[in-house]
Amino acid sequence: MPMSTSITVSKKAVVPAVFGRQKDSFGRLNMSTVATDEEEETEKKSVWKKIKSIIPPANERKKLLPLGLIFFCNLFIYTILRDTKDVLMVTAPGSGAEVIPFLKTYVNLPAAIGFTVLYSKLCNKMEQKDVFYTCTFPFLAFFSAFAMFIYPNVNVLHPNALIDRLAGILPLGFSAPLSIIRNWSYALFYVMAEMWGSVVVSLLFWSFANEITSVDEAKKYYPLFGMGANVALIFSGQYVKWVSSIRKALPPGVDAWGVSLKYLMGAVVACGCSMLGLFSYMQRNIVNDPESVDKTKKKGPKKAKVKMGMRESAKFLMDSEYIRNLATLVISYGMCINIVEVTWKSKLKMAFPNPNDYSTFMGNFSSATGTVTLVMMLLGRSIFQKFGWRVAALITPTMIGVTGLAFFGLNMFSGLFEPVAGALGTTPLMLAVLVGAAQNILSKSSKYSLFDPCKEMAYIPLDQESKTKGKAAVDVIGNPLGKSGGSFIQQILIFLVGNLAMATPYLAGILGVLIYFWVKAANSLATKFDEAMVAVEEA
């Protein structure tokens, strides 16, 4: 009995103690749960705050949405025109990729100079919105007329008989200029397509965007426009591919490329009209809305733009090694991409002599370029953060050098690659075309994601005078030399050896030399850039 009593007492004593501890334990658990809930609630609020910070406020959305749609339409049109102009000119009778250097130098350049003069006069006499309409309408009217009236009558409009007689008299080196005259309407289309990119996209759109966008808004949203440009590239590339494929459903005897051209130009005109409608809407409802366009937050007083002539620019380049290296980068890129691209397009014509086949390939090429550029843009920031300016600046010349020399190697030693091509189920020609396409895609994507940011970053540590004069010098000398330098080299070689195929070994050697000087200048500039950044931080 005493034992039993003891045990009972023990149970009675223990049970409350146990439950008491459980109560304490539950109490502590409840306090911990409350704390965890509060942390989760705070975290949810933080995440929601981040999401809200990403979404533009209502007054900014009101103008950014139509502005983004205008940009999308602009780039959709430009991609179609860029692909179509190559198809027309490269696959034209008696033509080929050899005509491109001559077109860029003797047709595009005078047209650009002429438009610059005209644009200056229009700006002096009209409001900016009227200049937008006046410059855009003629483009859309021409592209519509080309598909409906000019292309169906090219046999009447092109002086084929005259050019045939001249071709029998003049040396072989004159074949490219004669081809431009023979296919003058295609050459005009080529120029108008090129001008759309420089006039409507680069000049008119960005002038309007800068007019209604503050500096803070530009920093936040302009990079998104770059992403949107590549999305437009993907969509337009697939549209070009779809249009080129409709020939399969056409009856025999129908000009399949003529039908495709009407669909392509129809899309150009439809997107152009949509763009003008959106522009008109913004003029009526957004430009004068103080909630959307705050005139007090504009970019501040405009600084006088430093204008330097060719002589002053050359002198500034000679005096500054830093700016000279920067100009070397710009010149080298323009020359290298031109040298490889024109030769690749000549091989592309050999692989796809039919305009619709050529157009289908270019549609896929444009979509692939947009996709790869999107990925490279996402990777670009990480490359800058992890590896720095030097590595980022060296990626583009390395990419162009390796892929460009591989492309030229496939052309010069095609017989050696026949077993490789056979194992892959293709031909040496198609292998060269695919390698050339990869070269162009990788070069352009690395240019947009790495080369351009590197170039702009290089101006940051300079003093104000060097920034303004240096940029003016690079714009006046670097850009024109980069664009026309490669064309001049190809023109000389075509006159000397007859065609691009014979010039391939020389072009490969020139590409190697250009890449060497490009890498040397990039390394030199990287050292000076790092030193200048250290000096800025210490100051």
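What you see below is based on every heavy atom in this structure, not just the backbone, and it leaves out hydrogens, waters and symmetry mates.
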Visitor: Please check: side-chain N/O of S446 versus main-chain N/O of S443, any donor-acceptor pairing under 3.5 Å?
Guide: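 At least one qualifying donor-acceptor pair exists.
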Visitor: In terms of ring plane angle, is the pair W344 and F361 parallel, tilted or perpendicular, where the classes change at 30° and 60°?
Guide: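 Aromatic pair W344/F361 classed tilted.
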Visitor: Counting distance only, does the side-chain N/O of N153 pair as donor-acceptor with the main-chain N or O of F149 below 3.5 Å?
Guide: yes
Visitor: Could you check whether D83 and S366, counting side-chain N and O atoms only, form a donor-acceptor pair closer than 3.5 Å?
Guide: yes
Visitor: If you define the side chain from C-beta out and look only at heavy atoms, does anything of M376 sit under 4.5 Å from L450?
Guide: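 Of all side-chain heavy-atom pairs linking L450 with M376, at least one is under 4.5 Å.
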Visitor: Please find the pair of heavy atoms, one from L140 and one from V268, that lie closest to each other, and give the distance.
Guide: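 Where L140 meets V268 most closely, the heavy atoms are CD2-O, 4.0 Å.
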Visitor: Indicate yes or no for a side-chain donor-acceptor contact from S144 to the backbone of A141 under 3.5 Å, with no hydrogens or angles considered.
Guide: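 Side chain of S144 to backbone of A141, a donor-acceptor pair under 3.5 Å: no, none is there.
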Visitor: For the residue pair F139 and W196, does the interplanar ring angle fall in the parallel (under 30°), tilted (30 to 60°) or perpendicular (over 60°) class?
Guide: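 If you compare the ring of F139 with that of W196, the planes turn out perpendicular.
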Visitor: Donor-acceptor pair, distance only, cut-off 3.5 Å: does the side chain of N440 make one with the backbone of G436?
Guide: yes
Visitor: Given side-chain contact (heavy atoms from CB on, under 4.5 Å), test T403 with V435 step by step and report yes or no.
Guide: CA-CA 7 Å; T403 56; V435 171; 5.6 Å; no
Visitor: Contact between W518 and I331 at the side-chain level, heavy atoms closer than 4.5 Å - yes or no?
Guide: no
Visitor: Ignoring hydrogens and geometry, is there a side-chain-to-backbone donor-acceptor pair from S280 to L276 under 3.5 Å?
Guide: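 Side chain of S280 to backbone of L276, a donor-acceptor pair under 3.5 Å: no, none is there.
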Visitor: Could you check if a side-chain atom of L264 sits within less than 4.5 angstrom of a side-chain atom of Y239, using non-hydrogen atoms only?
Guide: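 When only atoms from C-beta onward are counted, Y239 and L264 do touch, with a gap below 4.5 Å.
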Visitor: What's the separation between atom CZ in F365 and atom CG in D86, rounded to the nearest 0.5 Å?
Guide: 9.0 Å
Visitor: Could you grab the distance from atom OH of Y78 to atom CG of N74, nearest 0.5 Å is fine?
Guide: 11.0 Å
Visitor: Salt-bridged, E98 to K349, with N to O below 4.0 Å?
Guide: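 Here E98 does not pair with K349 in a salt bridge, since their nearest N and O are not under 4.0 Å apart.
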Visitor: Does the side chain of M89 reach to within under 4.5 Å of the side chain of V99, using non-hydrogen atoms?
Guide: yes
Visitor: Closest heavy-atom contact between N230 and G370?
Guide: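 Closest pair (atom of N230, atom of G370, distance): CB-O, 3.6 Å.
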Visitor: Mind listing the closest non-hydrogen atom pair of A522 and W389 along with its distance?
Guide: O-CZ3, 3.8 Å
Visitor: Under 3.5 Å, is there a donor on one side chain and an acceptor on the other for N356 and S260?
Guide: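 Looking only at side-chain atoms, S260 and N356 do form a donor-acceptor pair, the distance falling under 3.5 Å.
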Visitor: Kindly compute the distance separating CD (Q283) from CG (D130), expressed to the nearest 0.5 Å.
Guide: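 Interatomic distance, Q283 CD to D130 CG, rounded to 0.5 Å: 8.5 Å.
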Visitor: The test is side-chain contact (heavy atoms from CB on, under 4.5 Å); show your working for F451 and L329 and say whether it passes.
Guide: CA-CA 9 Å; F451 180 84; L329 266 61; 4.1 Å; yes
Visitor: With a 4.5 Å cut-off on side-chain heavy atoms, are V200 and F205 touching?
Guide: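 Side-chain contact under 4.5 Å: no.
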Visitor: Evaluate F208 against K129 for side-chain contact (heavy atoms from CB on, under 4.5 Å), listing each step before the verdict.
Guide: CA-CA 8 Å; F208 176 59; K129 65 175 182 178; over 6 Å; no
Visitor: Atom CD of Q439 and atom CG of L434: how far apart are they, to the nearest 0.5 Å?
Guide: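 Answer rounded to 0.5 Å: 13.5 Å.
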Visitor: Does a side-chain heavy-atom distance below 4.5 Å link M265 with T84?
Guide: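 A side-chain contact under 4.5 Å exists here.
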Visitor: Which atom pair, heavy atoms only, marks the closest approach of V90 to A97?
Guide: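 Minimum heavy-atom separation between V90 and A97: CG1-N, 4.1 Å.
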Visitor: Find the distance between OG (S236) and NZ (K241) and round it off to the nearest 0.5 Å.
Guide: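 Rounded to the nearest 0.5 Å, the OG-NZ separation comes out at 13.5 Å.
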Visitor: Keeping S95 on the side-chain end and T91 on the backbone end, is there a donor-acceptor pair under 3.5 Å?
Guide: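 It does not hold such a pair.
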Visitor: Measure the shortest side-chain to side-chain distance between T136 and M275 over non-hydrogen atoms and say whether it is less than 4.5 angstrom.
Guide: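 Contact flag for T136/M275 side chains = yes.
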Visitor: Any donor-acceptor pair under 3.5 Å linking the side chain of N183 with the backbone of Y186?
Guide: no
Visitor: State yes or no: are the ring centers of Y133 and F279 separated by less than 6.0 Å?
Guide: yes
Visitor: When you look at C135 and F115, which way does the side-chain contact (heavy atoms from CB on, under 4.5 Å) test go after all the steps?
Guide: CA-CA 10 Å; C135 291; F115 175 80; 4.1 Å; yes
Visitor: Restricting to side-chain contact (heavy atoms from CB on, under 4.5 Å), what partner residues turn up for C271, sequence neighbours left out?
Guide: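 side-chain contact (heavy atoms from CB on, under 4.5 Å) list for C271, sorted by chain: C73, F76, I77.
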Visitor: Surrounding CZ of F235 (heavy atoms of other residues, nucleotides or ligands, distance under 6.0 Å), is the total greater than 12?
Guide: no
Visitor: Do F384 and C454 touch side chain to side chain, with heavy atoms closer than 4.5 Å?
Guide: yes
Visitor: Using 30° and 60° as the class limits, which term best fits the ring planes of Y151 and F146: parallel, tilted or perpendicular?
Guide: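 Rings of Y151 and F146: tilted, 30 to 60°.
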Visitor: Tell me which one of I234, L442, L233 satisfies side-chain contact (heavy atoms from CB on, under 4.5 Å) with T369.
Guide: L233
Visitor: Check the surroundings of atom CE in M533: do more than 12 heavy atoms from other residues, nucleotides or ligands lie under 6.0 Å from it?
Guide: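 Counting neighbours around CE of M533, more than 12 heavy atoms of other residues, nucleotides or ligands fall under 6.0 Å, so yes.
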Visitor: Any idea which heavy atoms bring G486 and M335 closest together, and the distance?
Guide: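 Minimum heavy-atom separation between G486 and M335: N-CG, 3.7 Å.
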Visitor: Can you list everything that forms a side chain to side chain donor-acceptor pair (under 3.5 Å) with S244? Sequence neighbours excluded, please.
Guide: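 If we apply the side chain to side chain donor-acceptor pair (under 3.5 Å) test to S244, skipping adjacent residues, the hits are S359.
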Visitor: Could you pull out every donor-acceptor pair under 3.5 Å between side chains of residues 187-195 and any protein atom, sequence neighbours left out?
Guide:
from : atom 1 : to   : atom 2 : distance (Å)
E194 : OE1    : N108 : ND2    : 3.4
E194 : OE2    : K85  : NZ     : 3.2

Visitor: Identify the two heavy atoms, one from L75 and one from A232, that lie closest to each other, and give their separation to 0.1 Å.
Guide: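 In terms of heavy atoms, the two residues are closest at CB-CB, 3.8 Å.
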Visitor: For Y263, look at atom OH and say whether over 12 heavy atoms of other residues, nucleotides or ligands are found less than 6.0 Å away.
Guide: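 Counting neighbours around OH of Y263, 12 or fewer heavy atoms of other residues, nucleotides or ligands fall under 6.0 Å, so no.
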